[in-house]
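Shown next, in structure tokens, is the structure this report addresses.
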Amino acid sequence: MRSFRDFMAEKVREYYTSEGEKIGPRGDFFTAPELDRSFGRAVAEFLHPFLRCFEEPSLLELGAGRGLMAFDILSYFREKDPELFGKLTYYIYEVSPHLRRVQEKVLKGMPIVWVDDLVPVEGVVLSNEFFDTLPVHVVRKGRELFISGSGEEAWLELRNPKVEDFLRRMGYEDLDQRVEVCLDCIDMLRRVSEALRRGYHLLIDYGYTSDEIRRFPEGTVVGYKKHRVVNDIYSGEMDLSAHVNFSALIEYGKDFGLETVFLQSQREFLMSVPGFVEELQRLSFEETPEAVERLSRMKTLLVSMGERFKVLFQSKGL
Ligand SMILES: C[S@@+](CC[C@H](N)C(=O)[O-])C[C@H]1O[C@@H](n2cnc3c(N)ncnc32)[C@H](O)[C@@H]1O
């Protein structure tokens, strides 16, 4: 028997370290940077004034997928602010050897430094759909979910003081539903804060706040294979993930000196970026098939993804 957390950690590690396409039309899922280039450019435009304040700015991206967001961010800086482009160091922390090879091709000629661990940064730590890959403990009313070698579920008495502390601190003790506790997310947040000497943390992912947790009485863990939800998550290879608990990242961030500047929906975030809105307006006046296609993709970023995804912006040492 092992905890669901250990099971998920192994599944995710196996998934991302195996060969084969993961992201995009021939993979298992799409992400926002894959959908349209306006996403990475909007992130760049948003970060631009913050990065400009640093003498020698760095950007550390966690889990960069196929490298498209890095490409769009760096292309934006190269075009709009060559001086910043010239002095920016862009680090990528990536666990998948396969995706790293893809990134090396996509980002050929771009000033990228790949790192095997989080490195000290004065600037920004950034991630899109990274925290949802981190494993969760699954609990319900004083019991924790364990999985046998043959994939049988068992609810054993909860005996993990860190999980119990989390439930108390977040006020979830009396919830009569599945609650997912991502201690790995808290630990990653601590590592982000340790790496961030001075600057900002921008985290984009799907998730919920404590006010919204009751919308997920059966939890949020989901497996994807070839763009479809997998019914049996205990057998076969798949992309396994869980929604991010943003309230927990805000609460525990305080312990690590991370001050929350805002938490917004992805729609609010994108609509606050002038270049994104101008691009939407420009495309809506064009009648070419490419413009219609791009407009529809940008609407997906705003509407279906726009509400499910949130953007957390935190600062440290400023
Ligand atoms: C869902 S994908 C998102 C990719 C990309 N950010 C995007 O938006 O297209 C998760 C990414 O995180 C990476 N990853 C997962 N677990 C990781 C870990 N423990 N350490 C470093 N990277 C990890 C994966 O290899 C992949 O690049």
Side-chain angles (χ1 to χ4, degrees), residues 8-9 12-13 15-17 22-23 29 31-34 39-40 43-44 46-47 50-51 57-74 88-104 106-107 110-136 182-207 239-246 248-250 252-253 256-258 260 263 266 269 309-316:
M8 182 171 169
V12 172
R13 194 175 44 248
Y15 178 74
Y16 280 111
T17 51
K22 316 281 179 224
I23 314 175
F29 57 92
T31 59
E34 295 274 334
F39 184 81
V43 171
F46 171 77
L47 291 178
F50 299 103
L51 284 168
S58 322
L59 211 161
L60 165 62
E61 183 179 351
L62 313 175
R66 298 203 298 181
L68 298 190
M69 185 162 74
F71 183 84
D72 291 332
I73 290 174
L74 285 167
L88 178 73
T89 310
Y90 199 117
Y91 296 105
I92 290 182
Y93 170 60
E94 175 56 65
V95 78
S96 159
H98 166 72
L99 286 171
R100 181 167 162 172
R101 282 197 302 278
V102 176
Q103 291 162 14
E104 282 167 354
V106 169
L107 293 161
M110 289 292 194
I112 304 280
V113 180
W114 279 270
V115 289
D116 295 327
D117 200 353
L118 274 59
V119 284
V121 167
E122 286 221 350
V124 173
V125 179
L126 165 70
S127 64
N128 183 63
E129 289 203 42
F130 170 76
F131 276 74
D132 67 77
T133 66
L134 301 178
V136 295
C182 188
L183 298 179
D184 289 75
C185 293
I186 310 290
D187 194 50
M188 182 54 73
L189 194 67
R190 179 188 55 73
R191 290 172 63 197
V192 164
S193 171
E194 279 170 13
L196 198 56
R197 298 286 183 264
R198 214 162 55 89
Y200 300 93
H201 176 217
L202 184 71
L203 187 167
I204 309 171
D205 219 316
Y206 40 89
D239 164 47
L240 200 56
S241 68
H243 281 35
V244 171
N245 183 330
F246 283 96
L249 297 180
I250 291 171
Y252 280 82
F256 313 133
L258 289 167
T260 295
L263 174 69
Q266 179 171 294
F269 173 76
F309 282 69
K310 296 190 200 298
V311 180
L312 175 65
F313 191 50
Q314 297 177 308
S315 71
K316 176 165 176 224

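These numbers come from the heavy atoms of this one structure, side chains and all, not from hydrogens, waters or symmetry mates.
Note that CD1 of I204 is 4.0 Å distant from CZ of F39, once rounded to the nearest 0.5 Å. One finds the NE2 atom of H243 at 9.0 Å from the CG atom of D132 (value rounded to the nearest 0.5 Å). To the nearest 0.5 Å, the span separating CZ on F131 from CD1 on I186 amounts to 9.0 Å.
Residues L126 and Y90 form a side-chain contact, since some pair of their non-hydrogen atoms from C-beta on lies under 4.5 Å apart. Put simply, the side chain of Y93 does not reach to within 4.5 Å of the side chain of V119, judged on heavy atoms. Contact check for L240 versus Y15: no side-chain heavy atoms found under the 4.5 Å cut-off. Taking 4.5 Å as the limit, some side-chain heavy atom of L62 sits within range of a side-chain heavy atom of L118. Side-chain contact between L249 and C185: present, with at least one pair of heavy atoms (C-beta onward) separated by less than 4.5 Å. Here the side chains of L107 and I92 are in contact, with some heavy-atom distance below 4.5 Å.
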Validation: residues 95-103 side-chain donor-acceptor distances under 3.5 Å, sequence neighbours left out:
unit_1	atom_1	unit_2	atom_2	d
S96	OG	Y16	O	2.9
S96	OG	H98	N	3.4
S96	OG	L99	N	2.9
H98	NE2	G20	O	3.1
R100	NE	E104	OE2	3.2
R101	NH2	E19	OE1	2.6
R101	NH2	E19	OE2	3.1
Q103	OE1	W114	NE1	2.8
Q103	NE2	G65	O	2.7
Q103	NE2	E94	OE1	3.0

Pairs of donor and acceptor atoms involving the side chains of residues 191-203, under 3.5 Å and at least two apart or interchain, shall be tabulated with distances.
unit_1	atom_1	unit_2	atom_2	d
R191	NH2	D117	OD1	2.9
S193	OG	F256	O	2.5
E194	OE1	R190	NH1	3.2
E194	OE2	R190	NH1	2.9
R197	NH1	E194	O	2.7
R198	NH2	E122	OE1	3.3
H201	ND1	Q314	OE1	3.0

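Of the residues N128, V124, I73, D72, the one that meets the side-chain contact (heavy atoms from CB on, under 4.5 Å) test with V43 is I73.
Nearest heavy-atom pair, L134 versus M8, reported as atom, atom and distance to 0.1 Å: O-CE, 3.6 Å. Residues T31 and E129 approach most closely at CG2-OE2, 3.6 Å, considering heavy atoms. Minimum heavy-atom separation, L88 to L74: CD2-CD2, 4.0 Å. Counting all heavy atoms, side chain and backbone alike, P135 lies closest to C182 at O-SG, 3.5 Å. Here the shortest heavy-atom pairing between V106 and F71 reads O-CD1, 3.6 Å. When every heavy atom of V136 is checked against every heavy atom of A242, the shortest pair comes out as CG1-CB, 3.8 Å.
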Quick one, F313 with F50, criterion ring-ring contact (aromatic ring centres under 6.0 Å, His included). Give me CA distance, side-chain angles, the key distance, then yes/no.
CA-CA 12 Å; F313 191 50; F50 299 103; 5.1 Å; yes
Take Y206 and S241 through the side chain to side chain donor-acceptor pair (under 3.5 Å) test and state the conclusion after the steps.
CA-CA 10 Å; Y206 40 89; S241 68; 2.7 Å; yes
Go through the steps to decide whether Y91 and L59 satisfy the test side chain to side chain contact (heavy atoms under 4.5 Å, CB included), and finish with yes or no.
CA-CA 6 Å; Y91 296 105; L59 211 161; over 6 Å; no
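Scored by the salt bridge (charged side-chain N to carboxylate O under 4.0 Å, His left out) test, D239 finds no partners at all (sequence neighbours excluded).
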